[in-house]
Amino acid sequence: MIEYGNTNADTVIVVDFETTGMSPDHGDRAIEVGAVKLEEGEVVDRFQCLMNPGIRINGFIEDFTGITNAMLKQAPPCEEVMDEFTDFIGDGNLVAHNASFDRRFLDAECCRISRNYKGDFACSMLTARRVYPDAPNHKLGTLVELNCLPNDGTFHRALADAEMTTHLWLGMLNDIRRGYRIESISFSLMQALSRVSKTAAPGFLSRWTGPPS
DNA sequence: TGCCAGGCCCTCTTTAGGGCCTT
């Protein structure tokens, strides 16, 4: 059994946002959220929804994501989607690739509707830098290809990216379990692993889990 | 008009700078 989390111990939400740009502090908004809910390491639910930010998106974002202004015009407003998504999160912990980015948008959109969430974030990118230090880079697409993870060729859409991040996350859990011959990995261990230095990571894991096989 | 972020890590560092990663 895989042990997760500090709040709801067995629930992890792998989340990905598509946005109008890089910074909510400069007026950027979320335009799509996708998420995969894991309980005890098994996918139990999914969430995907476009949302209308009330502003036009530029051509770069249209080309980058495939999400058009026409699509967003027909989408429900951000406030409605985020209210529903906050319910979906519940008190689970959260995982995202480069979590600092998704956390900023989640925080900003939740703030707009006066909602909050209890869970902690873990970053699959920072963790991957420790688990796969020799990867050519730690972009999501590279790690998916490197590990032959399931994908349908769709990138930069919220649910597709969340699905790939889910496979990456579970793959890293399994690689650590196999390498260190352990049965249980806590969410907090994965969080902490992403925060130790690259060279310290193996020793750090050994202290938590025993020596590698 | 042109430009615009933020958090984290690494190292030729720590009184800093540059690269990575996300849209």
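All values below come from the heavy atoms of this structure, side chains included, with hydrogens, waters and symmetry mates left out. All chains are named by letter (A, B, ...) in the order of the sequence lines, taking the proteins before the strands, and each is independently numbered beginning at 1.
Within the 4.0 Å cut-off from OP1 or OP2 of dT23(B), at least one side-chain nitrogen or oxygen of His156(A) is found.
A salt bridge links Asp87(A) with Arg115(A): the closest approach of a Lys/Arg side-chain nitrogen to an acidic carboxylate oxygen falls below 4.0 angstrom. Between Asp175(A) and Arg178(A) a salt bridge is recorded (basic side-chain N to carboxylate O distance below 4.0 Å).
One interatomic measurement links the two molecules: CD of Glu32(A) to C1' of dT22(B), which rounds to 15 Å at whole-angstrom precision. Distance CG (Leu143(A)) to C1' (dC21(B)): 11 Å, rounded to an integer number of Å. Distance CZ (Phe17(A)) to P (dC21(B)): 22 Å, rounded to an integer number of Å. Rounding to whole angstrom units, CZ of residue Arg157(A) and C1' of dT23(B) are separated by 13 Å.
Using a 4.0 Å heavy-atom cutoff across all strands shown, Ile31(A) reaches no nucleic acid atom at all. Note on Asp102(A): nothing from the nucleic acid sits closer than 4.0 angstrom, heavy atoms only. Within the nucleic acid shown, Asn137(A) comes within 4.0 Å of sugar-phosphate atoms alone, with no base atom in reach, counting heavy atoms only.
dC12(B) and dG17(B): their C1' atoms are spaced 11 Å apart (whole Å). Of the P atoms belonging to dT13(B) and dG18(B), the separation is 13 Å, rounded to the nearest Å. A distance of about 22 Å separates the C1' atoms of dA16(B) and dC4(B), rounded to the whole Å. Atom name C1', nucleotides dG2(B) and dC9(B): the rounded distance is 30 Å, in whole Å. Here, dT14(B) and dC8(B) have their C1' atoms 16 Å apart, quoted to the whole Å. Straight-line distance between the C1' atoms of dT23(B) and dG7(B): roughly 15 Å, to the nearest whole Å.
The hydrophobic clustering, which links ILVMFWY residues whose side-chain heavy atoms are closer than 4.5 Å, places Ile185(A) and Leu193(A) together. Val81(A) and Tyr117(A) fall within a single hydrophobic cluster, where Ile, Leu, Val, Met, Phe, Trp and Tyr are joined by side-chain heavy atoms under 4.5 Å apart, directly or via other members.
Of the residues in residues 48-65 of chain A, Phe60(A), Ile61(A), Phe64(A), Thr65(A) come within less than 4.0 Å of DNA chain B through at least one heavy atom, sorted by number.
Taking the ring axis of Phe88(A) as reference, the NZ or CZ atom of Lys37(A) stays within 45° of it and closer than 6.0 Å to the ring centre.
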Side chains of residues 22-29 of chain A: which donor-acceptor pairs under 3.5 Å do they make with residues two or more places apart or in other chains?
residue: Ser23(A); atom: OG; partner: Asp25(A); partner atom: N; Å: 3.2
residue: Ser23(A); atom: OG; partner: His26(A); partner atom: ND1; Å: 3.2
residue: Asp28(A); atom: OD1; partner: Thr20(A); partner atom: OG1; Å: 3.0
residue: Asp28(A); atom: OD2; partner: Met22(A); partner atom: N; Å: 3.1
residue: Asp28(A); atom: OD2; partner: Ser23(A); partner atom: N; Å: 3.0
residue: Arg29(A); atom: NE; partner: Glu109(A); partner atom: OE2; Å: 2.9
residue: Arg29(A); atom: NH2; partner: Glu109(A); partner atom: OE1; Å: 2.9

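The closest side-chain heavy-atom distance from Phe155(A) to Leu140(A) is not below 4.5 Å. For the pair Leu159(A)/Phe47(A), no side-chain contact is recorded, criterion being any heavy-atom separation below 4.5 Å from C-beta on.
For the residue pair Asn151(A) / Glu163(A), no side-chain donor-acceptor distance below 3.5 Å is found, with atom types taken as modelled.
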**OP:** Go along nucleotides 2-9 of chain B 5' to 3' and tag each nucleotide: B for a protein heavy atom under 4.0 Å from its base, S when only backbone or sugar atoms are that close, - otherwise.
**Re:** ---BBS-S
